[in-house]
Protein chains: 2
Amino acid sequence: MARPAVFDSEQLLDAAVRLAASGGPAAVTMSAVAAEAGASSGSVYHRFAGRTALLAEVWLRTVEGFQDGYFKALDAGVDARQAGCAAARYVIAWSRAHPEQAALLLYGAEDFGRAKWSEEHVRRADRGNQRVRATLGSLTADLGGEGPQAAEQVALAVVDLPLSLVRRHLRGGGRLPAHAEDLAERCAAALFDSLHGP
Amino acid sequence: MARPAVFDSEQLLDAAVRLAASGGPAAVTMSAVAAEAGASSGSVYHRFAGRTALLAEVWLRTVEGFQDGYFKALDAGVDARQAGCAAARYVIAWSRAHPEQAALLLYGAEDFGRAKWSEEHVRRADRGNQRVRATLGSLTADLGGEGPQAAEQVALAVVDLPLSLVRRHLRGGGRLPAHAEDLAERCAAALFDSLHGP
DNA sequence: AGCTATATAGAGACCTGTCTCTAAAATAGT
DNA sequence: ACTATTTTAGAGACAGGTCTCTATATAGCT
């Protein structure tokens, strides 16, 4: 009943991911995305209300894709310590499997223009953040940690520290070494143990 | 013998720091710096060859300013463990004292256009990186760590982890809480101890 | 006062990116 | 074939940034 689409949103977002991975959020312009996907600028504007919306979509799709597996990894372990270690490993494994998307994750929502996002996009971002906060809060409790400092230490162990490891290797075009998962897990475990230890 | 300068490079770089802190490297445009410093664009071009050079200078001045105290902190301790802890604390303390410059440090040289820098600027950056690598290498050895994984773990403890803590609080406009130094030191110590421990 | 060396002001050419708008293309159902 | 609907192509107005260039200002020295 109508002309079939040649370019769908996913294709254009894929192009945006490639651009952001190699040149940062600033490289994601409407015309660059069009060129990267082999489309015209009109096609990009047909799918996205403007650059602000495109940046929000590419960020949210990436973060939500990452979080999907992240929560599964956290649920898998038999005890809290194993769950936390699995989460730390997952950050590395996912980044190894999706290096371009991982490069996106090393930026923040602010770098993708969060200040200009629509309410709907902000809500989607907040929902994800809220879910992470809640999950890490109960992980902290299960690990025997108490107070905001303990929660922060756990967040560092299972989010920031693995991401730092990714940043250290992906910035500069390299790949993640084979031992990265082990290193992330060892560091996370050390931080878990120091929650009560001496 | 000549007209005295109204705007010197430092003033303009200070303006660039303020812009980068609030809007990221993308906000550091020649005209924005001129406006922020109350100068004309001509004055900015008189001091810097172009936007590429300005970005390189503001990044390098910030990093080198940070590293000055960082090396001193690493030298101060009586043993390697204390030196490492002092370094971790220093990252937090410096960021607390210089929140705008700290916001810069959360980006990378790539975000400041490293790919387009002059050879001279690249050399300056490499020199600093090299010095950090060497210092952390001997710190790792003094801590009894062996191999590239140990060096990486030490770097995570005394550079990336404290910076993650800073990122976690400064992104979103907040301030560093009072306990941040203690938290950074505790985490660093835990990572040092897991170098040999079980 | 005139000269020289340096600094600033700001106009304007050029480029790139955003976004709007119109025309054309393509398909399923009638 | 015709129509309704959706999609694409791409021209062009507009905004903002980079960089060049010229005119002007200000100090010390003679």
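Per chain, numbering begins at 1; letters A, B, ... match sequence-line order.
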Nucleotide [N], atom [atom2] - distance to [atom1] of [X] in whole Å:
{"X": "Phe48(A)", "N": "dT20(C)", "atom1": "CZ", "atom2": "P", "answer": "16 Å"}
{"X": "Phe7(A)", "N": "dT8(D)", "atom1": "CZ", "atom2": "P", "answer": "7 Å"}
{"X": "His46(A)", "N": "dA24(C)", "atom1": "NE2", "atom2": "P", "answer": "19 Å"}
{"X": "Arg47(A)", "N": "dT18(C)", "atom1": "CZ", "atom2": "P", "answer": "19 Å"}
{"X": "Leu12(A)", "N": "dT7(D)", "atom1": "CG", "atom2": "P", "answer": "12 Å"}

Between N or O atoms, less than 3.5 Å apart, protein on one side and nucleotides 27-30 of chain D on the other: list the pairs.
{"from": "dG28(D)", "atom 1": "O4'", "to": "Met1(B)", "atom 2": "N", "distance (Å)": "2.2"}

May I ask you to say whether Glu185(B) pairs ionically with Arg89(B), meaning some side-chain N is under 4.0 Å from a carboxylate O?
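Salt bridge flag = yes for Arg89(B) with Glu185(B).
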Working to the nearest 0.5 angstrom, can you tell me the gap between Ser95(B) OG and Leu163(B) CG?
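One finds 6.5 Å between OG of Ser95(B) and CG of Leu163(B).
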Establish, yes or no, whether the cationic atom of Arg171(A) lies under 6.0 Å from the six-membered ring centre of Tyr107(A) and within 45° of the ring axis.
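Yes, Arg171(A) and Tyr107(A) form such a contact.
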Cation-pi check, Arg47(B) onto Phe7(B) ring (under 6.0 Å, within 45° of axis)
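That pair does not qualify as a cation-pi contact.
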Gln11(A) side chain to Asp8(A) main-chain N or O, any donor-acceptor pair under 3.5 Å?
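Between the backbone of Asp8(A) and the side chain of Gln11(A) there is a qualifying donor-acceptor contact (under 3.5 Å).
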Short side-chain donor-acceptor distance under 3.5 Å, Gln67(A) and Arg131(A):
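There is no such pair between these side chains.
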With sugar-phosphate taken as primed atoms, P, OP1 and OP2 and all else as base, the protein-contact string of nucleotides 14-19 of chain D at under 4.0 Å (heavy atoms; B, S, -) is ---SSB
Can you establish whether the number of heavy atoms outside Glu146(B) located under 6.0 Å from its atom CD is more than 12?
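Not buried by this count: 12 neighbours or fewer within 6.0 Å.
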Assign the ring pair Trp94(B) / His98(B) to parallel, tilted or perpendicular, where the plane angle (0 to 90°) is split at 30° and 60°.
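If you compare the ring of Trp94(B) with that of His98(B), the planes turn out tilted.
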